[in-house]
Amino acid sequence: MSKQFDVVVIGGGPGGYIAAIRAAQLGFQVACIDEWKNAAGGPAPGGTCTNVGCIPSKALLQSSEHFEHANHHFADHGITAKDVKMDVAKMVARKDSVVKQNNDGILYLLKKNKVTFFHGRGSFAGQAEGGYTINVAGKTEEAITAKQVIIATGSNARALPGTAFDEVNVLSNDGALRLGTVPKKLALIGSGVIGLEMGSVWRRLGAEVTILEGLPTFLGAVDEQIAKEAKKAFDKQGLKIELGVKVGEIVNGKKDVTVNYTNAKGEAIVLDADKLIISIGRVPNTIGLNTEAVGLQLDERGAIVVDGDCKTNLPGVWAVGDVVRGPMLAHKAEEEGVAVAERIAGQHGHVNFNTIPWVIYTSPEIAWVGRTEQQLKADGVAYKAGTFPFLANGRARALGDTTGMVKFLADATTDEILGVHMVGPQVSELISEAVVAMEFKASAEDIARICHAHPSLSEATKEAALAVDKRTLNF
Ligand code: FAD
Ligand code: NAI
């Protein structure tokens, strides 16, 4: 007889493993199936985020930033660092060990919460009495059943039609994170989040980087003023970003890659590069789930169709994270995973899509929550704006990093915070205050009246809130 569970989670990324832990905390018998393999063929739970996404990219961003500081910024502090070298193999090995610590941590957490982990591919076999039968194909094959199924199978990199990823010359995020040497010339297609983060890593290490972007605007989803400030900083660093291009034929030679494109002026350009990273978005992943066996509904993009509560068209089947609508972010996947587990337990799980923060971990970092100025204009909302530059912040001066600003957008009548946008040092951490404020429906004045430690970067947040009412103290 097949093993029976209350809840089976398919996918062990941030959406899946967190859903499994929360369901187990709520008293359910839970199984979590994940097929990701480490180099030795063993389990490597954590999904894209842990293995080829959030964690390894931040490890490489950290290493390359140290290198950049040693080469270009230590001297300002009176430190002489001669003959600074980067051992790429060691940097990548460190990144791999950070990933492994996270894989092991997740396995430990699943065990601690008494979640049964299956290493292999989960697929629907059909309906079982009061639930579903799921086949697990790993080293062995077995079938398990559950009343409730949570699908968290994530996403894969989108390929350009006609150009396959070989992960040698034409790289997805996977290959981009494990280059063995610094390419002399690196081309990227897509100046979104991955393009900017990966472009930054390899530029800092010495690559000549060109990013080709199809749209005429830079970071269109970001507040225009913030995007403009970020672009200025990237230009200064030598990160070459060409907007409004049309990519044509790509020739993957044995030793290099040639990208033919038309630039914004309509000129035909041939770009030769040692490596090409394609970062033009990601596609939901339902490969091998055998959705047809149970009639699970997908949309035209291949995403699983869900309602606001992550319910699919099938009773007892839920889906969360990158495989459904909404932003493809690890913390969004986690929030949905927790909410679904709580809904299964009859509780009122809740995800506030209006307060999901975004962070781009470049230097300067870019972070935001809520609506941009251009969105408020389009929505016809009367608003007040307040900005404060890091140039006028004592801690930023002490750090030697005064790029950027904090910007508040508040309702013109009620003063409720509608959006907070940041570009500058450590704004990935500063944005949390804005998220909390918006979650509690705070006004700009609320933040302006709160005591912030001195000297800290967070004072720029307070000052930007004061700026909404045109009463900054230090600018
Ligand atoms: P995934 O993390 O993709 O996990 C899905 C898991 O399911 C995988 O382990 C997969 O092997 C497994 N699986 C799939 N099908 C089956 C099956 N049939 N049976 C068994 N297992 C299966 N987001 C952030 O918030 N912050 C960041 O800094 C950030 N950086 C990123 C950097 C890069 C380079 C990339 C590519 C992404 C980044 N993201 C970041 C996005 C983030 O990784 C995703 O939003 C997140 O991983 C989605 O989680 P998930 O659980 O939905 O799916
Ligand atoms: P993206 O959606 O962020 O950016 C893709 C870019 O490619 C866009 O600017 C788009 O206009 C451009 N593009 C699309 N087709 C093109 C074409 N044919 N030619 C030229 N340009 C083209 O996608 P990206 O960077 O691949 O990342 C995928 C997702 O992963 C992100 O949207 C995000 O959800 C997640 N992610 C999150 C990170 C974070 O939170 N810090 C870091 C990295 C990824």
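Just so you know, ligand 1 is whichever comes first in the structure, and atom 1 is the first atom listed for that ligand. Residue indices begin at 1 and follow the sequence shown.
The proximity of I194 to ligand 1, defined as any non-hydrogen pair under 4.0 Å, is limited to the side chain.
The single protein non-hydrogen atom nearest to atom 53 (O) of ligand 1 is G154 CA, 3.1 Å, given as residue, atom name and distance. With hydrogens left out, the protein atom closest to atom 45 (O) of ligand 1 is D322 OD1, 2.8 Å, a heavy atom. For atom 8 (C) of ligand 1, the closest non-hydrogen atom of the protein is D34 OD1, 3.4 Å. With respect to atom 41 (C) of ligand 1, the closest heavy atom belonging to the protein is M328 O, 3.6 Å. Closest to atom 11 (O) of ligand 1 among all protein heavy atoms lies W36 CE3, 3.5 Å. Atom 2 (O) of ligand 1 has its closest protein heavy atom at T48 N, 3.0 Å. Looking only at heavy atoms of the protein, atom 20 (C) of ligand 1 is closest to G120 O, 3.3 Å. Here the heavy atom of the protein found nearest to atom 7 (O) of ligand 1 is G11 CA, 3.2 Å.
Using a 4.5 Å heavy-atom threshold, the side chains of V427 and F390 count as touching.
For T210 (side chain) and A187 (main-chain N/O), no donor-acceptor pair under 3.5 Å exists by modelled atom type. In this structure, the side chain of N103 engages the main chain of P45 through a donor-acceptor pair within 3.5 Å. Looking only at distances, no side-chain donor or acceptor of R121 sits under 3.5 Å from a matching main-chain atom of E35. Between the side chain of N38 and the backbone N or O of A44 there is no donor-acceptor pair closer than 3.5 Å. Within the 3.5 Å criterion, the main-chain N or O of E373 finds no donor-acceptor partner in the side chain of E224. Side chain of T461 to main chain of L457: no donor-acceptor pair is present (N/O by atom type, distance under 3.5 Å, no hydrogens or angles). Within the 3.5 Å criterion, the main-chain N or O of A89 finds a donor-acceptor partner in the side chain of D87. Remark: the backbone N or O of H119 is not paired with any side-chain donor or acceptor of D34 at under 3.5 angstrom. Using modelled atom types, no side-chain atom of N156 and backbone atom of N285 make a donor-acceptor pair closer than 3.5 Å. A donor-acceptor contact shorter than 3.5 Å links the side chain of N290 to the backbone of F124.
An N or O contact shorter than 3.5 Å links G15 to ligand 1 by distance. Below 3.5 Å of separation, one finds no N or O of A333 facing any N or O of ligand 1. Close N/O approach between L289 and ligand 1 is not found [any backbone or side-chain N/O within under 3.5 Å]. Remark: ligand 1 and I10 share no N or O pair separated by less than 3.5 Å (distance only, no angle test). In terms of N/O distances under 3.5 Å, ligand 1 is not approached by V323. Remark: ligand 1 and H331 share an N or O pair separated by less than 3.5 Å (distance only, no angle test). Distances between N or O atoms of R121 and those of ligand 1 include no value under 3.5 Å. By the 3.5 Å distance cut-off applied to N or O atoms, E35 is counted among the residues near ligand 1. Taking any N or O of N173, backbone or side chain, none lies under 3.5 Å from an N or O belonging to ligand 1. At under 3.5 Å, a nitrogen or oxygen of K58, whether backbone or side chain, sits near a nitrogen or oxygen of ligand 1.
Ligand 1 is approached by V52 to a heavy-atom distance shorter than 4.0 Å. Residue contacts with ligand 1 do not include A44, since none of its heavy atoms lies under 4.0 Å from the ligand. Using a 4.0 angstrom heavy-atom cutoff, N285 counts as in contact with ligand 1. The shortest separation from a heavy atom of R282 to ligand 1 is under 4.0 Å, placing the residue in contact. The shell of residues lying under 4.0 angstrom from ligand 1, judged by heavy atoms, excludes S123.
Screening residues 419-428 for salt bridge (charged side-chain N to carboxylate O under 4.0 Å, His left out), with sequence neighbours left out, gives no hits. Within the structure, side-chain hydrogen bond (donor to acceptor under 3.5 Å, both in side chains) pairs that include any residue of residues 187-206 comprise K58-E197, S64-R204, E68-R203, S191-E213 (at least two apart or interchain). Counting only residues at least two apart or in different chains, salt bridge (charged side-chain N to carboxylate O under 4.0 Å, His left out) contacts with residues 140-150 comprise K3-E142.
Heavy-atom contacts of S57 reach the following atoms of ligand 1: 32 (C) (cutoff under 4.0 Å). Listed by number with element, the atoms of ligand 1 under 4.0 Å from a non-hydrogen atom of C49 are 2 (O), 43 (O), 47 (O). Proximity to I33 (heavy-atom distance under 4.0 Å) selects the following atoms of ligand 1: 20 (C), 21 (N).
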Give the C-alpha distance, both sets of side-chain angles, the deciding distance and a yes or no for side chain to side chain contact (heavy atoms under 4.5 Å, CB included) between I356 and V369. CA-CA 6 Å; I356 294 176; V369 58; over 6 Å; no
Is there a salt bridge (Lys or Arg N to Asp or Glu O under 4.0 Å) between R178 and E167 once you walk through the steps? CA-CA 9 Å; R178 53 183 168 82; E167 305 298 358; 5.0 Å; no
Residue pair D96, K100: steps toward the salt bridge (Lys or Arg N to Asp or Glu O under 4.0 Å) verdict: CA-CA 6 Å; D96 290 341; K100 186 169 182 317; over 6 Å; no
Determine whether M198 and S279 satisfy the following criterion, side chain to side chain contact (heavy atoms under 4.5 Å, CB included), listing intermediate values before the conclusion. CA-CA 9 Å; M198 287 297 98; S279 48; over 6 Å; no
Candidate pair R282 and T48, rule side chain to side chain contact (heavy atoms under 4.5 Å, CB included), full reasoning: CA-CA 11 Å; R282 297 179 61 80; T48 301; 3.4 Å; yes
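Nearest-heavy-atom check against atom 19 (N) of ligand 1 across G288, G138, G122 picks out G122. Which of S172, A176, C54 comes nearest to atom 42 (C) of ligand 1 through a heavy atom is settled by distance: it is C54. In the candidate list G46, A157, G53, G53 is nearest to atom 32 (C) of ligand 1, counting heavy atoms.
Few gaps surround CD on E242; more than 12 heavy atoms of other groups in view lie less than 6.0 Å from it.
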So what's ligand 2 close to, N/O to N/O, under 3.5 Å?
from     : atom 1 : to   : atom 2 : distance (Å)
ligand 2 : 3 (O)  : V193 : N      : 3.2
ligand 2 : 9 (O)  : E213 : OE1    : 2.7
ligand 2 : 9 (O)  : E213 : OE2    : 3.2
ligand 2 : 11 (O) : E213 : OE2    : 2.6
ligand 2 : 21 (N) : G214 : N      : 3.0
ligand 2 : 23 (O) : G281 : N      : 3.3
ligand 2 : 25 (O) : V193 : N      : 3.3
ligand 2 : 25 (O) : I194 : N      : 2.9
ligand 2 : 26 (O) : G281 : N      : 2.8
ligand 2 : 34 (O) : M328 : O      : 2.6
ligand 2 : 40 (O) : V359 : O      : 3.4
ligand 2 : 41 (N) : E197 : OE2    : 2.9
ligand 2 : 41 (N) : V359 : O      : 2.7

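Ring geometry, W358 versus W368: the interplanar angle falls under 30°, so the pair is classed parallel (tilted spans 30 to 60°).
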